[in-house]
Amino acid sequence: MKIAYAFRRNIFHPFTGGASRTQLPERKTLGKYLGAVKDMGFDGLELGMDSLATADLDESRAQETRKVLEGAGLPCVAVRAGGGFDNPSVAAQNRQKLEKAIEVAGWMGAGIVNTALVTPPKGRADNGSVNGTPDPDPSSKTASQEDFEHTASVLREVGAVAGAAGLNITIEVHQRSIADNSWSALHLLDLAGSPYVHANPDLGNILWNYDEPEETMEEAIIALAPRAKYWHCKNL
């Protein structure tokens, strides 16, 4: 087992404010930052597509970043991107994001593309709260079987693209998504039937989703561990 640091935001002295906080520190600070992460004992990085920056990201620029990371002993092991496919207003856009992430992961030498199937609310206006609500929207409870089958079909097709590139996709159990607990994640994986699509059992997100969690962390571990390829961990 190896432990990666899932980079989320850039707040590292000296932060100049010259780049988005979701992007890696500027080059003059990056070496010091990577050294600090390496000294904490991490084996690699997870990077979001926003962390890798710009719309003009191409293979050459990605491999420049890859060289810097690998030189610091912190290769990019996972690329994070995507969104859900059961809301037509964002489905095509989210699929494009996921397919682009597969391409970028190949350039970066990562083995995992992690995605959370989050979409905007479908049934009512957003109440502004992301975590710990009695009735989150969207959710596995409000998803139809057609939603599950369509999502699984996209995952199967995109999974084949990932597999051809030597990559795996992991579906993050995530609040405000069709896969927000162990049963819904397993249902999607069974419907997709892809050897390249696996689970990311983010136990913290299960705790966050409802005001009263649907299952204990122990129950989720037992259910999802056999189907897991990658695992988000955070201290809640």
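In this text, all values refer to a predicted model and were calculated from it rather than measured experimentally. Each residue takes its place number in the sequence, starting with 1.
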Participant: Quick check against the 3.5 Å criterion: does N205 have a side-chain atom that pairs as donor or acceptor with the backbone of V173?
Facilitator: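 Yes: the side chain of N205 pairs with the backbone of V173.
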Participant: Looking at CG of L45 and OH of Y5, how far apart are the two atoms once the value is rounded to the nearest 0.5 Å?
Facilitator: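 If we round to the nearest 0.5 Å, L45:CG and Y5:OH are 9.0 Å apart.
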Participant: Does the side chain of N181 come under 3.5 Å of the side chain of S184 through a donor N or O and an acceptor N or O?
Facilitator: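 Yes, because at least one side-chain N or O of N181 sits under 3.5 Å from a partner of the opposite role on S184.
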Participant: Would you indicate whether the side-chain heavy atoms of Q23 and D50 approach each other to under 4.5 Å?
Facilitator: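 No, too far: nothing below the 4.5 Å cut-off.
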Participant: Got a second to check how far D86's CG is from L117's CG, nearest 0.5 Å?
Facilitator: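 CG of L117 is found 8.0 Å from CG of D86.
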Participant: How would you list, by chain and number, every residue that makes a side-chain hydrogen bond (donor to acceptor under 3.5 Å, both in side chains) with T151, sequence neighbours excluded?
Facilitator: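 For T151, no residue satisfies side-chain hydrogen bond (donor to acceptor under 3.5 Å, both in side chains) once neighbours in sequence are set aside.
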Participant: Look up atom CG in N87 and atom CD in Q93, then write down how far apart they are to the nearest 0.5 Å.
Facilitator: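 One gets 11.0 Å once the value is rounded to the nearest 0.5 Å.
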Participant: Do you know the tightest heavy-atom contact between R176 and N209?
Facilitator: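 That would be N-OD1, 3.6 Å.
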Participant: So, using salt bridge (charged side-chain N to carboxylate O under 4.0 Å, His left out) as the criterion, who are the partners of E46 when residues are at least two apart?
Facilitator: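 Once residues adjacent in sequence are excluded, the partners of E46 under the salt bridge (charged side-chain N to carboxylate O under 4.0 Å, His left out) criterion are R8, R80.
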Participant: Applying salt bridge (Lys or Arg N to Asp or Glu O under 4.0 Å), which residue pairs with at least one partner in residues 149-160 are found, sequence neighbours left out?
Facilitator: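 Passing the test, one end in residues 149-160: R95-E157.
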Participant: So, taking the atom named CG in L24 and the one named CG in L52, what distance separates them when rounded to the nearest 0.5 Å?
Facilitator: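 Rounded to the nearest 0.5 Å, the CG-CG separation comes to 6.5 Å.
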Participant: Is there a continuous path of hydrophobic side-chain contacts, each under 4.5 Å between heavy atoms, that joins L189 to I222?
Facilitator: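 The answer is no; the residues belong to distinct hydrophobic clusters.
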Participant: Determine whether a donor-acceptor pair (N or O, by modelled atom type, separation under 3.5 Å) exists between the side chain of K38 and the backbone of A72.
Facilitator: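 Checking the backbone N and O of A72 against the side chain of K38, no donor-acceptor pair under 3.5 Å is found.
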Participant: Residues two or more places apart in sequence or in another chain: which of them pass side-chain hydrogen bond (donor to acceptor under 3.5 Å, both in side chains) with H150?
Facilitator: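 Checked H150 against side-chain hydrogen bond (donor to acceptor under 3.5 Å, both in side chains); zero matches.
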Participant: Yes or no on side-chain contact (heavy atoms from CB on, under 4.5 Å) for D180 and E214, after CA distance, side-chain angles and deciding distance?
Facilitator: CA-CA 10 Å; D180 58 7; E214 291 186 299; 4.3 Å; yes
Participant: Taking transitive links into account, so neighbours of neighbours count too, which hydrophobic residues share a cluster with V90 at under 4.5 Å side-chain distance?
Facilitator: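 None; V90 is a cluster of one.
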Participant: Are V79 and V37 connected, step by step, through hydrophobic side chains (Ile, Leu, Val, Met, Phe, Trp, Tyr) whose heavy atoms are closer than 4.5 Å?
Facilitator: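 Cluster IDs for V79 and V37 match.
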Participant: For residues P121 and D137, report the shortest heavy-atom separation together with the two atoms involved.
Facilitator: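 Closest pair (atom of P121, atom of D137, distance): CB-OD2, 3.5 Å.
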Participant: State, yes or no, whether a side-chain contact exists between I178 and T119 at a heavy-atom distance under 4.5 Å.
Facilitator: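 Heavy-atom side-chain distance check fails, nothing below 4.5 Å.
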Participant: Using the rule that Ile, Leu, Val, Met, Phe, Trp and Tyr join whenever any side-chain heavy atoms are under 4.5 Å apart, tell me whether V68 and F7 fall into a single cluster.
Facilitator: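 Yes, V68 connects to F7 through the hydrophobic network.
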Participant: Indicate if M217 and Y230 have the same hydrophobic cluster label, given that clusters are the connected sets of ILVMFWY residues with side-chain heavy-atom separations under 4.5 angstrom.
Facilitator: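 No, M217 does not connect to Y230 through the hydrophobic network.
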Participant: Quick one, N168 with V197, criterion side-chain contact (heavy atoms from CB on, under 4.5 Å). Give me CA distance, side-chain angles, the key distance, then yes/no.
Facilitator: CA-CA 6 Å; N168 288 288; V197 181; over 6 Å; no
Participant: Report yes if some heavy atom in the side chain of Q145 is under 4.5 Å from a heavy atom in the side chain of L191; otherwise report no.
Facilitator: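 Contact flag for Q145/L191 side chains = yes.
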Participant: Tell me if a side-chain donor or acceptor on N94 pairs with a main-chain N or O of G84 at a distance below 3.5 Å.
Facilitator: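 At least one qualifying donor-acceptor pair exists.
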Participant: Check K97 against G82 and note the closest heavy-atom contact, atom names and distance.
Facilitator: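 Looking at all heavy atoms of both residues, the shortest contact is CD-O, 3.9 Å.
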Participant: Do any N or O atoms from the side chain of S51 and from the backbone of T22 form a donor-acceptor pair under 3.5 angstrom?
Facilitator: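 Yes; judged by distance alone, with no hydrogens or angles, the pair exists.
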Participant: Apply the test side-chain contact (heavy atoms from CB on, under 4.5 Å) to residues I221 and T216: give CA-CA distance (whole Å), side-chain angles for both, the deciding distance (0.1 Å), then the verdict.
Facilitator: CA-CA 9 Å; I221 289 169; T216 67; over 6 Å; no
Participant: Do you see a donor-acceptor pair shorter than 3.5 Å between the side chains of S60 and D58?
Facilitator: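 D58 and S60 do not have a side-chain donor-acceptor pair below 3.5 Å.
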Participant: Can you list everything that forms a side-chain hydrogen bond (donor to acceptor under 3.5 Å, both in side chains) with T65? Sequence neighbours excluded, please.
Facilitator: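 T65 satisfies side-chain hydrogen bond (donor to acceptor under 3.5 Å, both in side chains) with no residue once adjacent residues are dropped.
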Participant: Kindly list each side-chain donor-acceptor pair under 3.5 angstrom involving residues 100-107, sequence neighbours excluded, with atom names and distances?
Facilitator:
residue, atom, partner, partner atom, Å
K100, NZ, E103, OE1, 3.1

Participant: Enumerate the residue pairs fulfilling ring pair (Phe, Tyr, Trp, His ring centres under 6.0 Å) with a member in residues 153-186, sequence neighbours excluded, ordered by first and then second residue.
Facilitator: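 Pairs touching residues 153-186 that pass the test: F148-W183.
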Participant: Does CD belonging to E212 count more than 12 external heavy atoms closer than 6.0 Å?
Facilitator: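 Atom CD in E212 is not crowded, with 12 or fewer foreign heavy atoms closer than 6.0 Å.
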Participant: Can you name the side-chain hydrogen bond (donor to acceptor under 3.5 Å, both in side chains) partners of S144, sequence neighbours left out?
Facilitator: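 side-chain hydrogen bond (donor to acceptor under 3.5 Å, both in side chains) list for S144, sorted by chain: D147.
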Participant: Please tell me if the side chains of V118 and Q175 come closer than 4.5 Å, counting only heavy atoms from C-beta onward.
Facilitator: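 Result no, sub-4.5 Å side-chain heavy-atom pair not found.
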Participant: Can you name the nearest heavy-atom pair linking A179 to L188, along with the distance?
Facilitator: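 Looks like CB-CD1, 4.0 Å.
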Participant: Using only heavy-atom distances, determine whether the side chains of S182 and E215 contain a donor-acceptor pair under 3.5 Å.
Facilitator: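 Indeed, the side chains of S182 and E215 share at least one donor-acceptor pair under 3.5 Å.
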Participant: Is there a path of hydrophobic side-chain contacts, each under 4.5 Å between heavy atoms of I, L, V, M, F, W or Y residues, that connects V154 with V113?
Facilitator: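 Yes, same cluster.
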Participant: Using the rule given for side-chain contact (heavy atoms from CB on, under 4.5 Å), can you reason through N200 versus I171, listing the C-alpha separation, both sets of side-chain angles and the distance that settles it, and then say yes or no?
Facilitator: CA-CA 5 Å; N200 169 358; I171 306 305; over 6 Å; no
Participant: With sequence neighbours left out, write down each residue that passes ring pair (Phe, Tyr, Trp, His ring centres under 6.0 Å) with Y196, or none if nothing qualifies.
Facilitator: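 Here no residue qualifies.
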Participant: For residues A223 and P226, report the shortest heavy-atom separation together with the two atoms involved.
Facilitator: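 Scanning both residues, the minimum pair turns out to be O-CD, 3.7 Å.
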Participant: Would you give the length of the straight line joining atom CD of E219 to atom CD1 of I206, rounded to the nearest 0.5 angstrom?
Facilitator: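 CD1 of I206 is found 9.5 Å from CD of E219.
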Participant: Using the side chain to side chain contact (heavy atoms under 4.5 Å, CB included) criterion, which residues pair with P75? Sequence neighbours excluded.
Facilitator: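 P75 satisfies side chain to side chain contact (heavy atoms under 4.5 Å, CB included) with E70, V77 once adjacent residues are dropped.
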Participant: Measure from NZ or CZ of K141 to the centre of the six-membered ring of Y210 and say whether it is under 6.0 Å with the direction within 45° of the ring axis.
Facilitator: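 Cation-pi check for K141 and Y210: passes.
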Participant: How would you list all residue pairs meeting salt bridge (Lys or Arg N to Asp or Glu O under 4.0 Å) that involve residues 187-203, not counting sequence neighbours?
Facilitator: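 Passing the test, one end in residues 187-203: D190-R227, D202-K234.
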Participant: Output the distance between atom SG (C233) and atom CG (L203), rounded to the nearest 0.5 Å.
Facilitator: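 The CG atom of L203 is 7.0 Å from SG of C233, to the nearest 0.5 Å.
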Participant: Within the 4.5 Å heavy-atom criterion, are L98 and F85 side-chain neighbours or not?
Facilitator: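 The answer is yes, as the side chains (C-beta and beyond) meet within the 4.5 Å cut-off.
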Participant: Could you tell me which non-hydrogen atom of L57 sits nearest to which non-hydrogen atom of A62, and how far apart they are?
Facilitator: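 Heavy-atom minimum between the residues: CD1-N, 3.9 Å.
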Participant: Is there side-chain contact between H232 and N114, with at least one heavy-atom pair below 4.5 Å?
Facilitator: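 Heavy-atom side-chain distance check passes, below 4.5 Å.
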